[in-house]
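Nothing fancy with the numbering, it's 1 onward along the sequence.
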Amino acid sequence: TYILSLKPQAIQQEGRRLLSVRARQIHADMQLPLRVSTASAFMDEIIFTEADGLRLVERSGRRNSPDAKWVYEVLDE
């Protein structure tokens, strides 16, 4: 999936590899024809598990905002 493809872009911070993504970025990168709020709503419904190598550590911004942000910890593979 799109988010899993971003794992190599994770940055090292406080001893963890963190991947930060915003709804606006998802919408632009995937060239979605729908509104940005749709990307935000979709991300709020996705549940990544440790089996996917990701753990959600922060969610900020309004629910359907283009500035909605998700920060994932990339787990060792």
Side-chain angles (χ1 to χ4, degrees):
T1 68
Y2 169 76
I3 299 300
L4 296 177
S5 74
L6 297 178
K7 285 170 61 174
Q9 297 177 21
I11 59 168
Q12 191 73 25
Q13 184 176 335
E14 300 176 7
R16 301 187 298 179
R17 288 180 54 217
L18 299 178
L19 173 63
S20 175
V21 63
R22 291 188 183 274
R24 176 181 288 124
Q25 174 189 354
I26 296 166
H27 190 269
D29 288 353
M30 295 184 72
Q31 300 177 351
L32 298 174
L34 304 172
R35 299 182 325 188
V36 175
S37 61
T38 304
S40 178
F42 179 73
M43 282 299 295
D44 281 335
E45 298 301 321
I46 293 178
I47 299 173
F48 292 104
T49 65
E50 292 185 14
D52 297 314
L54 296 173
R55 177 185 304 135
L56 182 65
V57 294
E58 180 183 335
R59 164 60 170 94
S60 60
R62 292 191 336 233
R63 180 158 167 70
N64 292 323
S65 167
D67 292 320
K69 178 180 172 184
W70 299 264
V71 178
Y72 294 94
E73 179 179 6
V74 177
L75 306 173
D76 291 334
E77 297 176 354

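- When hydrophobic clusters are built by joining Ile, Leu, Val, Met, Phe, Trp and Tyr residues whose side-chain heavy atoms come closer than 4.5 Å, directly or via intermediates, Met30 is grouped together with Trp70.
- Partner of Val74 under the side chain to side chain contact (heavy atoms under 4.5 Å, CB included) criterion, chosen from Arg55, Arg17, Arg16: Arg17.
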Sequence neighbours left out, cut at 3.5 Å: what donor-acceptor pairs do the side chains of residues 18-26 make with other protein atoms?
| residue | atom | partner | partner atom | Å |
| --- | --- | --- | --- | --- |
| Arg22 | NH1 | Asp67 | O | 2.9 |
| Arg24 | NH1 | Asp67 | OD1 | 2.6 |
| Arg24 | NH2 | Asp67 | OD1 | 3.4 |

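- With hydrophobic clusters built from ILVMFWY side chains whose heavy atoms lie under 4.5 angstrom apart, Leu4 shares a cluster with Leu56.
- Separating the CG atom in Leu6 from the CG atom in Asp29 is a distance of 7.0 Å, to the nearest 0.5 Å.
- Taking each heavy atom of Arg63 and Ala68 in turn, the nearest pair found is O-CB, 4.4 Å.
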Begin with the C-alpha distance, continue with both residues' side-chain angles, and end with the deciding distance and a verdict on side chain to side chain contact (heavy atoms under 4.5 Å, CB included) for Glu73 and Leu54. CA-CA 6 Å; Glu73 179 179 6; Leu54 296 173; over 6 Å; no

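- Few gaps surround CZ on Arg59; more than 12 heavy atoms of other groups in view lie less than 6.0 Å from it.
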